[in-house]
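Take a look at the structure below.
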Amino acid sequence: MEWKIRKAAKNDEPVIRALFIEMLQTIYSRQDVDGYEDGYLDKFFDGREDWICIAEIDGTAAAYLSIEVHREQENFIYLDDLSVSAKYRSHGIGTELIKAAERFAVKTGIPTIAFHVEKSNRSAFRLYERLGYSVTSGEGTRFRMVKRIG
């Protein structure tokens with residue numbers, strides 16, 4: 001299976017929203033989940049540093065990763081949502097999206113990537129550990145995981 005990694009455009013928003021719902025349904029094992037609020041995704045398309053990385057297979061977005069740049073007391077990249085459609089899981093697409101975020105971090109000179117993962121999402125947790133991410137804290141139902149790049 002071959003895919004291409006690219007930056008999402010505004011016209012990708014419907015498929016990003018659908019993938020987000022699919023991710024939530026998988027994590028919480030129920031169908032009644034709420035998607036993004038109206039306007040939430042705008043920050044990824046307005047020309048600032050935040051962006052969404054898409055994995056495209058045969059012209060269709062099969063997965064995405066939200067990448068947020070935080071320039072604060074300590075600069076870091078925050079990975080907000082990673083969703084791979086069930087049909088395409090276990091093929092390395094999630095790994096490639098995370099590697100794209102890591103390359104972006106190196107390019108922008110930001111040495112730290114952080115995100116949260118649901119404690120119940122064991123498969124995602126194992127993926128992140130394999131990629132070198134470590135738990136820095138437990139926050140309710142989630143772990144915060146971090147990796148220093150470079």
Side-chain angles (χ1 to χ4, degrees), residues 3 5-8 10 12-13 15-56 61-150:
W3 58 82
I5 304 291
R6 65 173 175 80
K7 185 176 182 176
K10 180 72 173 164
D12 291 309
E13 188 170 342
V15 73
I16 291 167
R17 287 179 174 280
L19 286 166
F20 181 67
I21 292 289
E22 183 179 345
M23 174 188 67
L24 293 177
Q25 290 170 335
T26 300
I27 291 171
Y28 299 117
S29 300
R30 63 176 210 257
Q31 295 300 304
D32 64 325
V33 295
D34 294 325
Y36 290 120
E37 292 180 17
D38 287 342
Y40 174 79
L41 292 172
D42 293 347
K43 68 182 180 178
F44 296 104
F45 305 116
D46 67 5
R48 288 184 278 174
E49 290 182 291
D50 298 344
W51 62 292
I52 293 176
C53 187
I54 295 258
E56 190 175 86
Y64 79 97
L65 175 63
S66 301
I67 301 166
E68 299 175 0
V69 176
H70 290 261
R71 296 191 183 273
E72 302 167 3
Q73 188 173 7
E74 179 186 346
N75 295 336
F76 65 98
I77 303 285
Y78 185 77
L79 306 182
D80 194 13
D81 297 317
L82 170 61
S83 179
V84 179
S85 183
K87 177 177 171 178
Y88 300 109
R89 291 182 190 145
S90 301
H91 293 286
I93 296 170
T95 297
E96 288 305 312
L97 289 171
I98 292 169
K99 287 182 179 179
E102 290 175 353
R103 288 188 297 273
F104 175 72
V106 168
K107 181 179 162 188
T108 58
I110 298 176
T112 304
I113 295 181
F115 57 86
H116 288 91
V117 61
E118 291 292 326
K119 292 176 181 177
S120 63
N121 194 346
R122 299 298 306 158
S123 61
F125 182 80
R126 285 190 301 274
L127 167 65
Y128 304 142
E129 278 191 321
R130 276 196 315 273
L131 293 174
Y133 291 83
S134 302
V135 173
T136 58
S137 63
E139 300 173 6
T141 62
R142 306 182 310 169
F143 290 117
R144 178 180 166 84
M145 298 186 80
V146 172
K147 179 177 179 180
R148 301 266 311 157
I149 306 295

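- The cationic group of Arg30 lies under 6.0 Å from the six-membered ring centre of Tyr28 and within 45° of the ring axis, placing it in a cation-pi geometry.
- What you find for Leu97 and Ala55 is that their closest heavy atoms are CD2-N, 4.0 Å.
- You'll find the side chain of Val106 stays beyond 4.5 Å of the side chain of Phe104, heavy atoms only.
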_Steps toward side-chain hydrogen bond (donor to acceptor under 3.5 Å, both in side chains) verdict (Ser137, Arg144)_ = CA-CA 5 Å; Ser137 63; Arg144 178 180 166 84; 5.2 Å; no
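- Of the charged side-chain nitrogens involved, none lies within less than 4.0 Å of a carboxylate oxygen, so that Asp80 and Lys43 do not count as a salt-bridged pair.
- One finds the CZ atom of Arg17 at 6.0 Å from the CG atom of Asp38 (value rounded to the nearest 0.5 Å).
- Counting heavy atoms from C-beta outward, Glu118 and Phe125 have side chains that stay 4.5 Å or more apart.
- Side chains of Thr108 and Val69 form no contact here, defined as non-hydrogen atoms less than 4.5 Å apart.
- By the 30° and 60° cut-offs, the orientation of the rings of Tyr78 relative to Phe76 is perpendicular.
- The two residues Ile5 and Ala100 make their nearest non-hydrogen contact at CG2-CB, 4.2 Å.
- With salt bridges taken as basic N to acidic carboxylate O contacts below 4.0 Å, none links Lys99 and Glu102.
- In this structure, the separation between CH2 on Trp51 and CZ on Phe45 is 12.0 Å, given to the nearest 0.5 Å.
- Between Ile77 and Phe115 there is no side-chain heavy-atom pair separated by less than 4.5 Å.
- The number of heavy-atom neighbours closer than 6.0 Å to NZ of Lys10, taken from other residues, nucleotides and ligands shown, is above 12.
- Within a 6.0 Å radius of CG in Asp34, other residues, nucleotides and ligands contribute 12 heavy atoms or fewer.
- Counting heavy atoms from C-beta outward, Met145 and Ser134 have side chains that stay 4.5 Å or more apart.
- Within the 4.5 Å cutoff, no side-chain heavy atoms of Ser120 are placed close to those of Thr141.
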_Trace of the side chain to side chain contact (heavy atoms under 4.5 Å, CB included) decision for Trp3 with Glu96_ = CA-CA 10 Å; Trp3 58 82; Glu96 288 305 312; 3.6 Å; yes
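- Side-chain contact between Tyr36 and Asp81 is present, with heavy atoms from C-beta onward closer than 4.5 Å.
- No side-chain donor-acceptor contact under 3.5 Å links Ser83 to the backbone of Ala63.
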*Evaluate side chain to side chain contact (heavy atoms under 4.5 Å, CB included) for Ile149 paired with Thr112, printing each intermediate quantity in order.*
CA-CA 6 Å; Ile149 306 295; Thr112 304; over 6 Å; no
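- Within 6.0 Å of CD in Glu72 there are more than 12 heavy atoms belonging to other residues, nucleotides or ligands.
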*How far apart are the C-alpha atoms of Met23 and Thr26, what are their side-chain angles, what is the distance that settles it, and do they pass the side chain to side chain contact (heavy atoms under 4.5 Å, CB included) test?*
CA-CA 5 Å; Met23 174 188 67; Thr26 300; 5.8 Å; no
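- In this structure, the side chain of Glu68 does not engage the main chain of Leu79 through any donor-acceptor pair within 3.5 Å.
- For the atom pair Phe44 CZ and Glu49 CD, the distance stands at 12.5 Å (nearest 0.5 Å).
- In this structure, Arg6 CZ and Glu56 CD are separated by 4.0 Å, a value rounded to the nearest 0.5 Å.
- Checking side-chain atoms of Arg89 against main-chain N and O of Val84 turns up a donor-acceptor pair under 3.5 Å.
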_Please evaluate residues Arg48 and Asp50 with respect to the criterion salt bridge (Lys or Arg N to Asp or Glu O under 4.0 Å), reporting the C-alpha separation (whole Å), side-chain torsions for both, the decisive distance (0.1 Å), and the verdict._
CA-CA 6 Å; Arg48 288 184 278 174; Asp50 298 344; 5.8 Å; no
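- The closest side-chain heavy-atom distance from Ile21 to Val33 is below 4.5 Å.
- Within 6.0 Å of the CD atom in Glu139, the count of heavy atoms belonging to other residues, nucleotides or ligands exceeds 12.
- Residues Ala124 and Val117 approach most closely at CB-CG2, 4.0 Å, considering heavy atoms.
- With rounding to the nearest 0.5 angstrom, the OG atom of Ser66 is 7.0 Å from the CG atom of Leu41.
- A distance-only check finds no donor-acceptor pair linking the side chain of Lys147 to the backbone of Tyr128 [under 3.5 Å].
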*asked:* Please evaluate residues Ile54 and Asp12 with respect to the criterion side chain to side chain contact (heavy atoms under 4.5 Å, CB included), reporting the C-alpha separation (whole Å), side-chain torsions for both, the decisive distance (0.1 Å), and the verdict.
replied: CA-CA 9 Å; Ile54 295 258; Asp12 291 309; 4.3 Å; yes
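- Among all heavy-atom pairs drawn from Gly138 and Phe143, the shortest one is CA-CD2, 4.2 Å.
- With Ile110 as the fixed residue, the side chain to side chain contact (heavy atoms under 4.5 Å, CB included) test singles out one of Glu74, His70, Arg71: Arg71.
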